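The structure appears right after this line, and notes come after that.
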Amino acid sequence: MSRYGVATDRKWQKRWEEEQIYAFRPERVSEKLYCLEMFSYPSAANLHLGHWWNYGLTDCWARMQRMQGKEVFRPMGFDAFGLPAENYAIRTGIHPRDSTLASIATMQVQLRQIGATYDWRYELSTCDASYYRWTQWLFLQLYKNGLAYRKDAPVNWCPSCQTVLANEQVHDGGCERCHTPVTKRNLTQWFFKITDYAEELVTTLDALDWPEKTKAMQKNWIGRSEGAFIDFPLADHPGFIRNFTTRADTLYGATYLVLAPEHPLVLTITTPTYREAVTQYIASTAQQSELDRVANVKEKTGVFTGAYALHPLTQEKIPIWIADYVLATYGTGSVMAVPGHDIRDFEFATIYHLPIPRVISAAHPDTPDNLPYIGDGILINSASFNGESSEEAKITVVARLQELGLGQATITYRLRDWLVSRQRYWGAPVPIIHCPHCGLVPVPEEDLPVELPYDVQFTPDGQSPLAKSPAFMETTCPTCGAAALRDPDTLDTFVDSSWYFLRYPDNRNQQAAWDPAWINQMLPVDRYVGGPEHACMHLLYARFITKALRDMGYLNFGEPFTSLFHQGIILGVDGQRMSKSRGNTIAPDGYVERYGADVLRLYLAFAFSYSDGGPWPVDADNKPSDEGIRGIYRFVQRLERWIDRLLELVPAPIPAGTPTPLASLRPAERELNFTLHQGIKTISRDLPLYQFNTSIAQIMILLTSLSRYEQESSAPNLPFLAQVTQEMLRLLAPLAPHLAEELWEELGHTTSIHNEAWPTWEEAALVLDEVEYGVQINGRIRAKLMQPRDASQEDIRLAALALPSLAAELAEGTVAKVVVVPGRLVNIVIT
RNA sequence: GCGGGUAUGGCGGAAUUGGCAGACGCGCCAGACUUAGGAUCUGGUGGAGAGAUCCGUGCAGGUUCAACUCCUGUUACCCGCACCA
């Protein structure tokens, strides 16, 4: 049994809290390091392994930064609004507010059991009126600056959650949360104009210290595309149809236009003969779910409208079709179809027997004539543009169109505006009043918060629950005083989390969301840690909101998270994500009770790569194994035995000790000293990179070296042993904070190890008098060779060639070359 | 189809600038101790072979005195996006 255990954890957690040793000191803001993990969703159950993995291991990182003199700002809070609490309420009848507050209370206690360095004075919870008051304030600022607007549009609707969803919340045509196929509905909804920032969001991405994958995902999601608008005048109506293309060079190959069924001009231009077919087609596509649409990609369908447009350069009459392979929400909702050089247009033209001319010839003709050629090439059948390259023609064709007033170069984005209103209860109310006389009237800022009422019938039926609460809805217009109604929708929870990192450092400010002078010093977040699944939602929204607030003058920076790190995920033994429904969860509680928080922390840190995660190991019976944890537990016991041994040799209190001068160390001590400094150097390099496993390995090696030195030495150098032991505990402190603190106290210290400075290493200690060389013949290791540190390359070469064990093999050939790598190896090349 | 990533012993995982592959731990094997335990300690442990040796980082090539590492091609798996004009 180890004497360290959960009781030790409690003892130190209590004392740290009393002494406020992790309190952030604002006067040291110049040394601040804002390190943040994505905040947690309050859940009624006990903390799961993921919490320990996310928050326990980032704590090791933060603790090392503290010891290196950084003023670490490390807050924790709760992303407390959202559907799970509401769905739980519908099942159980427990009000979302009650269940959420209870969950938060549980988590506040349990998060402390990890032994992390949170400064709880900066806590926040998004469902508190003192927080969402400022979420509503944010909405109003966006509204006043034209970045929040209401529009009637086809939007994603989840029939199960009974609410609209943002584009980002539709995955594979289904609801991100419940996977129900999403349908389209025409509704009037609130949007944030994130598209105004599309260009900056994509161009400033490169400079961020973020994982390449995440940057690529955002870039892809924003979908910047350079091309041109090309207008095709209508043959029988005034006006024109505007198309977006990236291939203006293929304009002479455009043989028809295709509009999305939702395109606003469709019914205007459709001729009476085709009206019935067209309306039928529109109706059938409208009732298709996103999933059906994706499933039907292979069979292209469409109908002719009977209308014609004029080719802008040839004046030829070309037919106008509608088809659902053209998306209403991208570009102009209309394309010029070039079946000779586009796969989709080709498939469509083949089915409906439309002509498929060639206007680009490939430099190396390897595409058969019965397939579209989608690459660049030389223009043919393109009048005066013949002979130009695709690259040239993309410019010259657009220039000609521009002279005619029928085209211009442009950039489009895939990114759509962010739909933020939700027809659900448990969220921040939209702070807008609908007045019959004045229209949309923002709630005056001094009237915030618009409080979410408690007594509401929140069972979802497609209506906003708040609409059924007259006490909430009925108000007066702030402008004209007439009776008016509040907006019944609540805000997407991603609005709450798009600015929480700005609130933490000034969380009790009641006059403003924050004090800009203070926040501009505290932010941006220096290191943000969280899962990669937020790449195109939270991380994108937070960047947008930060940039918008900067342009309104509330911030002087435009990127919220300078540096981003994604942890991996610990999976169940089946390799699947842990979940109650799969029954593959592993509870941390038992391990913590039995071995203590630090054994679990050390195990998680040691047994997995932090960036990869991976499945929990299995034993011979395919059950979750705790053999690895017992290995860590043995290490803890070995460490305690060593401390006991040291205290036998050197009674407490052990002096803090100064490093013994290198020159006065005997050879065996030099070896131990080498291991110490090697360990300090390695851990100082690896811990900042979240390479916890190698850091712990170094401490294990150091402990082994310590006890071996003591066992093998007839007269151990006791002050030196005491000093090395204390350095080892300092190295351990970030990883096993309770254990290190306890052992530190046993050595007689009366101040916390967590206020000790991080050890430094001396390069001189890493230089040994003798170096072992590997001696290779033709690249294969054949012998070892000890050489003095200052031996010349020539000495080493001669010593290697003179090795008796190599004589026979060397005699078989002639030595062509000898490569000496100082300090490492010798390679003898024989032929 | 596009983008990003991964592949190393029985297992988790190491390997700094191209320089002795497999650190550290688990498991396994052998031994010690014993108040007989699912405890602890010590030693060994990539594979093949009696052995000298040979073979080994998904696969096939290449560059190099030297390749897990760099280059070309290829396979499998994972993640994200996907009729985006």
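Everything numeric in this text was worked out from a predicted model, so none of it was measured. In what follows, chains are A, B, ... by sequence order, proteins preceding strands, each numbered from 1.
The side chain of Glu772(A) approaches C20(B) more closely than any other nucleotide in the set A85(B), C20(B), G27(B). Among the nucleotides A82(B), A23(B), G4(B), the one closest to any side-chain atom of Ala216(A) is G4(B). Proximity note for Glu627(A) (side chain, C-beta onward) versus G27(B), G19(B), C24(B): the nearest is G27(B). With C41(B), G13(B), C79(B) as the candidates, the nucleotide lying closest to the side chain of Arg641(A) is C41(B). When the nucleotides G19(B), A85(B), G80(B) are ranked by their closest atom to the side chain of Leu825(A), G19(B) comes out on top. Among U16(B), C65(B), C83(B), the nucleotide with an atom closest to any side-chain atom of Asn827(A) is C65(B). For Val335(A), the side-chain atoms get nearest to A85(B) when compared with the rest of C54(B), A85(B), C65(B).
A salt bridge links Lys219(A) to Asp206(A): at least one charged side-chain nitrogen sits closer than 4.0 Å to a carboxylate oxygen. Checked for salt-bridge contact, Asp345(A) and Arg247(A) miss the test: no charged N lies under 4.0 Å from a carboxylate O.
One finds a side-chain N or O of Asn693(A) lying less than 4.0 angstrom from the OP1 or OP2 phosphate oxygen of A14(B).
Val829(A) comes within 4.0 angstrom of the backbone, heavy atoms only, and of no base.
Looking at heavy atoms from C-beta onward, Phe608(A) lies in side-chain contact with Trp616(A) at the 4.5 angstrom threshold.
On the C1' atoms, C70(B) is 14 Å away from G19(B), given to the nearest whole Å. Across the P atoms, A85(B) and U64(B) are found 44 Å apart, a figure rounded to whole Å. Taking atom C1' on both G27(B) and G38(B), the two are 15 Å apart, rounded to the nearest angstrom. Spacing between G73(B) and C28(B) at atom P, rounded to whole Å, works out to 46 Å.
Tyr330(A) and Phe244(A) have perpendicular rings, their planes meeting at more than 60° on a 0 to 90° scale where under 30° would count as parallel. Trp321(A) and Tyr352(A) have tilted rings, their planes meeting at an angle from 30° to 60° on a 0 to 90° scale.
Note: CG (Asp626(A)) to P (G25(B)) measures 18 Å, nearest angstrom.
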Legend entry - Base-pairing string, 5' to 3', of RNA chain B - Watson-Crick or wobble, under 3.5 Å, | interstrand: (((((((..(((......[....)))((((((.(..)..))))))(((....)))..(((((..]....))))))))))))....
Legend entry - Worked check of side chain to side chain donor-acceptor pair (under 3.5 Å) between Thr285(A) and Asp324(A): CA-CA 7 Å; Thr285(A) 52; Asp324(A) 67 353; 5.9 Å; no
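Glu391(A) meets the side chain to side chain donor-acceptor pair (under 3.5 Å) test with no other residue; sequence neighbours excluded.
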